[in-house]
Amino acid sequence: MNTPPLDALPLETLRRRSSTKWRSYPHDVIPMFVAETDFALAEPITRALHEAVEIGDTGYTPPQPGVAEAFVGFARRRWGWDVEPERVRWTGDVMMGVVELLRATVNPGDRVVVNPPVYPPFFDTVAEAGAVVEEVPLRDTGAGWELDLAGIEAALATGARAVLLCNPHNPTGTVHSRDSLRQLADVAARYGAVVISDEIHGPLAAADTPFTPFLSVSTAAAAVGYAVTSASKAYNLAGLKCAVMVTASDATTATVRALPWEVEWRTGLFGALSSVAAFSADSDAWLDGLLARLELNRRLLAALLAKHLPRARYRMPQAGFLAWIDVSDYGWGDDPADRVREGAGVALHHGPFFGTQGIGHVRLNFGCGPDVLREAVERIGAFARATAPLAQVSERPTRQ
């Protein structure tokens, strides 16, 4: 049975929100930069939070908030992945979990592989852990992106100690294949390295590209890997602070259990309550409705770009609600987002923040209603036409 797509909340309602997306720019700017979505919460989440507020349940997160059991059920239903609940721990958010795992598994000054263009906090998190970023960019195959396994192996062979994996990948929306993940695990095991996999976009994989949890691909992955994920991206819960750290071997589980107690205490009670509700089967229909809307929107965006920005290069993402778009042919400079915001009144994320591979690119959030998406692209298209004479004489931004 086909699930009806979710409808976004009205703009007048969204503008009452106090989050980053809606308080960073004036109301005449369409905000499509940060990864927040424009839908009402899943009803089980709303019910859990309402009840907590009604009874003043605003204290500390309990020792066993039910997050592990809820995640285990979600992983089994959605991905066919059997996770042992005792191998699931929780913390405030995914990047918090990542930095603590890096601190526990690499030494200061060690090199950590990242695959740009990649979520900007990856660079900061490695530095926060006292390590050094080693860039091994994704390979552009002409039809999509994939891990450069030879490049990763070369980095590990010369001393890099960890791979910080984005699975599915942000900003490209790439869902890494089971085979590439298996090969990555084998390479990491060969050189005694670890793989820390940020899997926050996993629940948002499109039906034609199923998500594969890294820890599930092989015994080698179970031995070298850590997964960190959250309900926050799919269910729009970033402000409530809850993520899970998942392991699949005795050694990696012991590493997580040895983390300071404060890592777990950073979990917000509302984050735990909402995560339990999100991961429950009662919220599956809502998630299916979100995926149906995102499927329509990623295709709508392709049609809108073809009509209004025909020189832009866009590949429909295989997961998530973020579009990685090369607009360098329009001559808007290395960081086109500023020009687009000033000239079109649309706020997009800055491509170069994702690495030098993002020069001339923008990231657009299409987790919104189709009317908002349509207006945003039409505005950018009008700006492109107005600046066309300048673009024709401008040099194309360098990719060096």
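These numbers come from a predicted model, not from an experiment.
Hydrophobic clustering of Ile, Leu, Val, Met, Phe, Trp and Tyr side chains at less than 4.5 Å, counting indirect connections, unites Val372 with Leu294. Residues Val94 and Val276 are members of separate hydrophobic clusters, defined by side-chain heavy-atom contacts under 4.5 angstrom among Ile, Leu, Val, Met, Phe, Trp and Tyr.
For Glu378, the salt bridge (charged side-chain N to carboxylate O under 4.0 Å, His left out) criterion is met by no residue, not counting sequence neighbours. Listed by chain and residue number, Arg293 satisfy the side chain to side chain contact (heavy atoms under 4.5 Å, CB included) test with Asp7 (two or more places apart in sequence, or in another chain). Residues forming a ring pair (Phe, Tyr, Trp, His ring centres under 6.0 Å) with His308 (at least two apart in sequence, or on another chain): none. Partners of Tyr191 according to the ring pair (Phe, Tyr, Trp, His ring centres under 6.0 Å) rule, which considers only residues two or more places apart in sequence or in another chain, do not exist here. Applying the ring pair (Phe, Tyr, Trp, His ring centres under 6.0 Å) criterion to Tyr119, with sequence neighbours excluded, gives no partner residue. For Arg257, there are no salt bridge (charged side-chain N to carboxylate O under 4.0 Å, His left out) partners at least two apart in sequence or on another chain. Phe71 is linked by a ring pair (Phe, Tyr, Trp, His ring centres under 6.0 Å) to Phe279, counting only residues two or more places apart in sequence or in another chain.
Judged by distance alone, the side chain of Tyr330 and the main-chain N or O of Arg311 form a donor-acceptor pair under 3.5 Å. Formation of a donor-acceptor pair under 3.5 Å by the Asn297 side chain with backbone atoms of Phe366 is found in this model. Panel note: side chain Asn365, backbone Val34; a donor-acceptor pair is recorded below 3.5 Å. Judged by distance alone, the side chain of Thr125 and the main-chain N or O of Phe122 form no donor-acceptor pair under 3.5 Å. Checking side-chain atoms of Thr37 against main-chain N and O of Phe39 turns up no donor-acceptor pair under 3.5 Å. Looking only at distances, a side-chain donor or acceptor of Ser280 sits under 3.5 Å from a matching main-chain atom of Ala277. In this structure a side-chain-to-backbone donor-acceptor pair under 3.5 Å is missing from Ser197 to Ala227. Not one N or O on the side chain of Arg89 forms a donor-acceptor pair closer than 3.5 Å with the backbone of Ala68. Side chain of Arg87 to main chain of Ser249: a donor-acceptor pair is present (N/O by atom type, distance under 3.5 Å, no hydrogens or angles). Judged by distance alone, the side chain of His169 and the main-chain N or O of Pro117 form a donor-acceptor pair under 3.5 Å.
From Leu364, atom CG reaches atom CG of Leu373 across 6.5 Å, with rounding to the nearest 0.5 Å. A distance of 8.0 Å separates OG1 in Thr61 from CG in Leu273, rounded to the nearest 0.5 Å. The distance from atom CG of Leu164 to atom CD of Glu134, rounded to the nearest 0.5 Å, is 13.5 Å. The distance from the CD atom of Glu128 to the CE atom of Met95 is 10.5 Å, given to the nearest 0.5 Å.
In this structure, Ala155 and Val136 approach most closely via the heavy-atom pair CB-CG2, 4.2 Å. What you find for Val224 and Ala188 is that their closest heavy atoms are CG2-CB, 4.1 Å. The two residues Leu301 and Ala323 have their closest heavy-atom pair at CD2-CB, 3.4 Å. For Thr172 against Leu138, the heavy-atom pair with the smallest separation is OG1-CD1, 4.0 Å. Nearest heavy atom pair, residue Val362 against residue Ala337, reads CG1-N, 3.9 Å. Scanning all heavy atoms of the two residues, the minimum distance from Gly192 to Arg161 falls at O-NH2, 2.8 Å.
Below 30°, between 30° and 60°, or above 60°: for Tyr25 and Phe33 the angle between ring planes is above 60°, a perpendicular geometry.
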Name each donor-acceptor pair under 3.5 Å that joins a side chain in residues 45-57 to protein atoms two or more places apart or in another chain, with its distance.
residue : atom : partner : partner atom : Å
Arg47   : NH1  : Glu43   : OE1          : 2.2
Arg47   : NH1  : Glu43   : OE2          : 2.9

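Between His27 and Leu11 there is no side-chain heavy-atom pair separated by less than 4.5 Å. With contacts defined as side-chain heavy-atom distances shorter than 4.5 Å, the pair Asn170/Lys233 does not qualify. Side-chain contact between Leu291 and Leu204 is present, with at least one heavy-atom pair separated by less than 4.5 Å. In this structure, Val256 and Val263 have side chains that are not in contact, with every pair of non-hydrogen atoms separated by 4.5 Å or more. Thr247 places none of its side-chain heavy atoms less than 4.5 Å from the side chain of Thr255. Using a 4.5 Å heavy-atom threshold, the side chains of Val126 and Val132 count as separate. At least one side-chain heavy atom of Val72 sits under 4.5 Å from a side-chain heavy atom of Val83. Between Ser274 and Tyr235 there is no side-chain heavy-atom pair separated by less than 4.5 Å.
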For Leu165 and Leu181, run side-chain contact (heavy atoms from CB on, under 4.5 Å): C-alpha distance rounded to whole Å, both residues' side-chain angles, the deciding distance at 0.1 Å, then the answer.
-> CA-CA 10 Å; Leu165 178 68; Leu181 294 175; 3.8 Å; yes
Going through the distances and angles, do His201 and Leu322 end up as a side-chain contact (heavy atoms from CB on, under 4.5 Å)?
-> CA-CA 10 Å; His201 293 272; Leu322 305 170; 3.9 Å; yes
Going through the distances and angles, do Leu184 and Phe214 end up as a side-chain contact (heavy atoms from CB on, under 4.5 Å)?
-> CA-CA 9 Å; Leu184 174 62; Phe214 176 73; 4.2 Å; yes
side-chain contact (heavy atoms from CB on, under 4.5 Å) between Val327 and Val340: does it pass, once the steps are laid out?
-> CA-CA 10 Å; Val327 293; Val340 171; 5.7 Å; no
How far apart are the C-alpha atoms of Trp332 and Phe383, what are their side-chain angles, what is the distance that settles it, and do they pass the ring-ring contact (aromatic ring centres under 6.0 Å, His included) test?
-> CA-CA 11 Å; Trp332 294 334; Phe383 173 62; 5.1 Å; yes
Step by step, would you call His176 with Asn167 a side-chain hydrogen bond (donor to acceptor under 3.5 Å, both in side chains)?
-> CA-CA 6 Å; His176 300 302; Asn167 175 43; 4.9 Å; no
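Using a 4.0 Å cut-off between charged side-chain N and carboxylate O, Glu36 and Lys21 make no salt bridge. At a threshold of 4.0 Å, the pair Arg315-Asp326 does not count as salt-bridged, since none of the basic side-chain nitrogens sits closer than that to a carboxylate oxygen. A salt bridge does not link Arg16 with Glu12: none of the charged nitrogens is closer than 4.0 Å to a carboxylate oxygen. Salt bridge status for Asp284 with Arg78: present, with a side-chain N to carboxylate O gap under 4.0 Å.
Counting only residues at least two apart or on different chains, the salt bridge (Lys or Arg N to Asp or Glu O under 4.0 Å) pairs with a member in residues 352-373 are Asp371-Arg374. The salt bridge (Lys or Arg N to Asp or Glu O under 4.0 Å) contacts involving residues 192-215 comprise Asp208-Arg298, where partners must be two or more places apart or lie in separate chains.
Taking the six-membered ring where the residue is Trp, the centroids of Phe354 and His349 are separated by under 6.0 Å.
Connectivity analysis of hydrophobic side chains (ILVMFWY, heavy atoms under 4.5 Å, direct or indirect) links Val99 to nothing; its cluster partners are none. Applying the 4.5 Å side-chain rule to ILVMFWY residues, one finds Trp261, Trp265 in the same cluster as Tyr60.
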